[in-house]
Amino acid sequence: MVHWAGLLRCFIVDDSVHFLDAARELLEREGVTVVGVASTSAEALEGVKALRPDVTLVDVDLGEENGFELAEHLYRAGWPAPSTVILTSTHAEQDFADLIAKSPAVGFLPKFTVSSGAIRELLTAHGVGHPDDGLSGCRGT
């Protein structure tokens with residue numbers, strides 16, 4: 001099984017400035033490098049393309065935009081190595097179970113559980129490797 005033991009580069013997409021600030025602070029305190037944040041799909045696509053994070057946390061509800069559509073765009077962008085997507089929400093996972101299963105995301109984390117450990121466990125559980133080991137990829141299921 002692949003383990004994420006080293007540096008983890010993360011990009012966060014959420015329309016809540018409060019969540020962006022809180023998640024960035026928490027993850028950085030736990031050793032994750034937050035390379036960027038965005039509040040819209042356009043900002044996210046531009047930022048992820050330029051910064052090439054290992055994982056992108058995407059809120060399923062981006063105000064008037066749809067996080068599931070953004071996850072699909074990130075997956076299909078055609079870049080050499082797409083960022084692995086993890087969906088987040090304040091809503092329960094079962095509220096979106098069918099959409100999560102159909103998405104290219106490796107999984108879902110409720111916002112209150114977002115942490116370095118939770119992200120690493122989800123990546124490991126879905127067999128998503130560190131970019132340096134040649135096993136990286138968006139879809140782990």
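Remember, it's a predicted structure, so these values are computed and weren't measured experimentally.
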Looking at T33, is its backbone amide N or carbonyl O close enough to the side chain of E28 to form a donor-acceptor pair, meaning the two atoms are under 3.5 Å apart?
no
What are the two closest non-hydrogen atoms of E72 and P104, and how far apart are they?
OE1-CD, 3.3 Å
Any side-chain heavy-atom pair from T88 and T113 closer than 4.5 angstrom?
no
Indicate the atoms forming the closest heavy-atom contact of I86 with L123, along with that distance.
CD1-CD2, 4.3 Å
For E43, I'd like to know if atom CD has over 12 heavy atoms of other residues, nucleotides or ligands within 6.0 Å.
yes
Do the side chain of D54 and the main chain of R9 share a donor and acceptor less than 3.5 angstrom apart?
yes
From CA spacing to verdict: side chain to side chain contact (heavy atoms under 4.5 Å, CB included), V58, L74
CA-CA 10 Å; V58 176; L74 289 168; 4.1 Å; yes
V32 versus C10, closest heavy-atom pair with distance
CG1-CB, 3.6 Å
Tightest non-hydrogen contact, residues A44 and A38, listed as N-CB, 3.5 Å
Evaluate the criterion side chain to side chain contact (heavy atoms under 4.5 Å, CB included) for residue pair D59 and K111; output intermediate values, then yes/no.
CA-CA 9 Å; D59 184 13; K111 285 187 180 181; 3.4 Å; yes
For residues L27 and S115, report the shortest heavy-atom separation together with the two atoms involved.
CD2-C, 3.6 Å
Once you measure the plane-to-plane angle for F96 and F108, does it fall in the parallel (<30°), tilted (30-60°) or perpendicular (>60°) bin?
tilted
With rounding to the nearest 0.5 angstrom, report the OG to CG distance, S116 to L8.
6.5 Å
Under 3.5 Å donor-acceptor, R29 side chain and R24 backbone
no
Inter-residue atom distance E65.CD - S39.OG, 0.5 Å rounding:
9.5 Å
Taking atom types as modelled, find out whether R120 and T124 have a side-chain donor-acceptor pair closer than 3.5 angstrom.
no
List the steps and the verdict of side chain to side chain contact (heavy atoms under 4.5 Å, CB included) for L70 and T56.
CA-CA 11 Å; L70 174 57; T56 302; over 6 Å; no
Do you know which two heavy atoms are closest between I12 and A23, and how far apart they sit?
CD1-CB, 3.9 Å
Can you check side chain to side chain contact (heavy atoms under 4.5 Å, CB included) on S89 and D61, steps first, answer last?
CA-CA 7 Å; S89 181; D61 182 13; 5.7 Å; no
Straight-line distance of D21 CG to L26 CG, nearest 0.5 Å:
12.5 Å
Look up atom OG1 in T40 and atom CG in D14, then write down how far apart they are to the nearest 0.5 Å.
12.0 Å
With heavy-atom distances below 4.5 Å as the criterion, would you say the side chains of L109 and L122 are in contact?
yes
Do F11 and L51 come close enough that some side-chain heavy atom pair is under 4.5 Å?
yes
